[in-house]
Protein chains: 2
Amino acid sequence: MPVGRDLFRFGETSKSIFNLLSGWVAIYTLLEDGRRQIVHFALPGAVMAVPTSNGAKISYGAQALTEVVVSVIPNTMLTTVLKDDPEVSMRLASRLARDISVAYDHMTSIGRRTARARVAYLLLELFTRHRAQWPGNHIEEMAIPLTQEQIGDATGLTFVHVNRVLSTLRKDKIVHFHYRRLRILDPDRLIEVAGVDAQTAMSWFE
Amino acid sequence: MPVGRDLFRFGETSKSIFNLLSGWVAIYTLLEDGRRQIVHFALPGAVMAVPTSNGAKISYGAQALTEVVVSVIPNTMLTTVLKDDPEVSMRLASRLARDISVAYDHMTSIGRRTARARVAYLLLELFTRHRAQWPGNHIEEMAIPLTQEQIGDATGLTFVHVNRVLSTLRKDKIVHFHYRRLRILDPDRLIEVAGVDAQTAMSWFE
DNA sequence: CGATGTCTTGAACCACCTCAAGCCCGGTGG
DNA sequence: CCACCGGGCTTGAGGTGGTTCAAGACATCG
């Protein structure tokens, strides 16, 4: 699937569950006035659009940020798989519980941190989640397929202010984000600015 | 369990899953400087602290806001139940998916709405979720066991500002919140102020 | 080599915060 | 039954972090 395409949209009733095999997807919600909040960045391995029992509508959308490969599993099939293999249902529940945890942390960032800390936190989160996929890779540089506007939508800021924050982070030689490439110059200070306590940070680095 | 007690805390490894039978519980996270974000209000029927597969630590805490009754289910037992009854695992997954959806909406509120809309949204959410438990009850009044400080922690505002917002909402004859009793004076305008589109609002009122 | 989306920077403004003081109300003990 | 105490609520005045509006520079792509 090409860049920019929506995998599913607000208001649809989920008849399938999506498994992201490769690429990045933004999960977002919209307000009537067009303002947007990106609530999650789905990375490979993510499971999306798990149906609620009463068949309620999905309240968010999913947009491909890169070329994307997904496997689509119809609900009917999901039901039989869960029936056959209890191991799978445990794993699904675990993954959803993990997603809730990530969402709560993200919410805390938006609700209680300064702009500088929010941006730092997001970059740190994306970096660690990305690296978790290729363990052993210790290069402090990666491609993040996001515009500053999308970073703003994820952190609850305007893109203008995201730009200013990124400038100061660059000036302070903490991170360098330019045209979708992220270089982490000073991991320790990034962790400090993000307001993550040292212990938690270490556990992120597995 | 008495008011104020923590059911579990940040950093523990979940050996059990909690099922809330009666009362209100606040799920919250803390920053090092003591600032707090309430990420969810658990109402009766809620399931809390579902373990992640790799046995990671819980990243949030749960505090009783009222007298509370919970049933504690050890993980080992959960495993066997899920194995025996595939129906249960479907329901668990659905409930977690629902929680994710609620979390995303809450996040959108904090990230993109004004203080006035955030408070209105929270009151509306609590009211509808509360009423969903006693269907057919159409009284527009309820007890909300929250201080203004806790409302602030949930909306990402200071309690001082929450107070000002509540004053204007009262002056505008939209809601009246006084000493933990909420009275909704003008549901339509509350929905409008909360920035919820009419269609979604109707589906909340099922 | 123009066209379009993204980034950058400045200046003015305002929503929300901080600090601070006083009040209300319920609970407790004398 | 009153005095006191403490937690929560209310209100004011002043400060600031982030927004808004606007204009220009920079990339990337047909």
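Here is the naming used below: chain letters follow the sequence lines, and residue numbers restart at 1 for every chain.
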**OP:** Would you mind telling me which of D:dC9, D:dA13, D:dA22 lies closest to the side-chain atoms of B:Arg164?
**Re:** D:dA13

Original post:
Choosing from C:dA20, C:dT9, C:dC16, which nucleotide comes nearest the side chain of B:Leu157?
Top reply: C:dC16

Original post:
A:Thr158 has a side chain; which of D:dT20, C:dC19, C:dC17 sits nearest to it?
Top reply: D:dT20

Original post:
A:Arg113 has an atom CZ; how far is it from atom C1' of D:dG18, in whole Å?
Top reply: 18 Å

Original post:
Whole Å only: how far is the NE2 atom of B:His161 from the C1' atom of C:dC14?
Top reply: 11 Å

Original post:
Choosing from C:dT9, D:dA27, C:dC24, which nucleotide comes nearest the side chain of A:Tyr179?
Top reply: D:dA27

**OP:** Using whole Å, report how far CG of A:Asn163 lies from C1' of D:dA27.
**Re:** 14 Å

Original post:
How is B:Gly152 classified with respect to the nucleic acid when contacts are heavy atoms under 4.0 Å: base, sugar-phosphate, or nothing?
Top reply: nothing

Subject >> Value in whole Å for how far the P atom of C:dC25 lies from CZ of B:Arg181 >> reply: 17 Å

Original post:
Nearest to the side chain of B:Phe159 - D:dT10, C:dT9, C:dT18?
Top reply: D:dT10

**OP:** Give the nucleotide from the list C:dC16, D:dG18, D:dC9 with an atom nearest to the side chain of B:Thr114.
**Re:** C:dC16

**OP:** For B:Leu166 and B:Gln148, run side-chain contact (heavy atoms from CB on, under 4.5 Å): C-alpha distance rounded to whole Å, both residues' side-chain angles, the deciding distance at 0.1 Å, then the answer.
**Re:** CA-CA 9 Å; B:Leu166 285 173; B:Gln148 296 186 0; 3.8 Å; yes

Original post:
Would you say D:dT10 has OP1 or OP2 under 4.0 Å from some side-chain N or O of B:Arg170?
Top reply: yes

**OP:** Considering just the side-chain nitrogens and oxygens of A:Gln148, establish if one lies under 4.0 Å of OP1 or OP2 belonging to C:dT8.
**Re:** yes

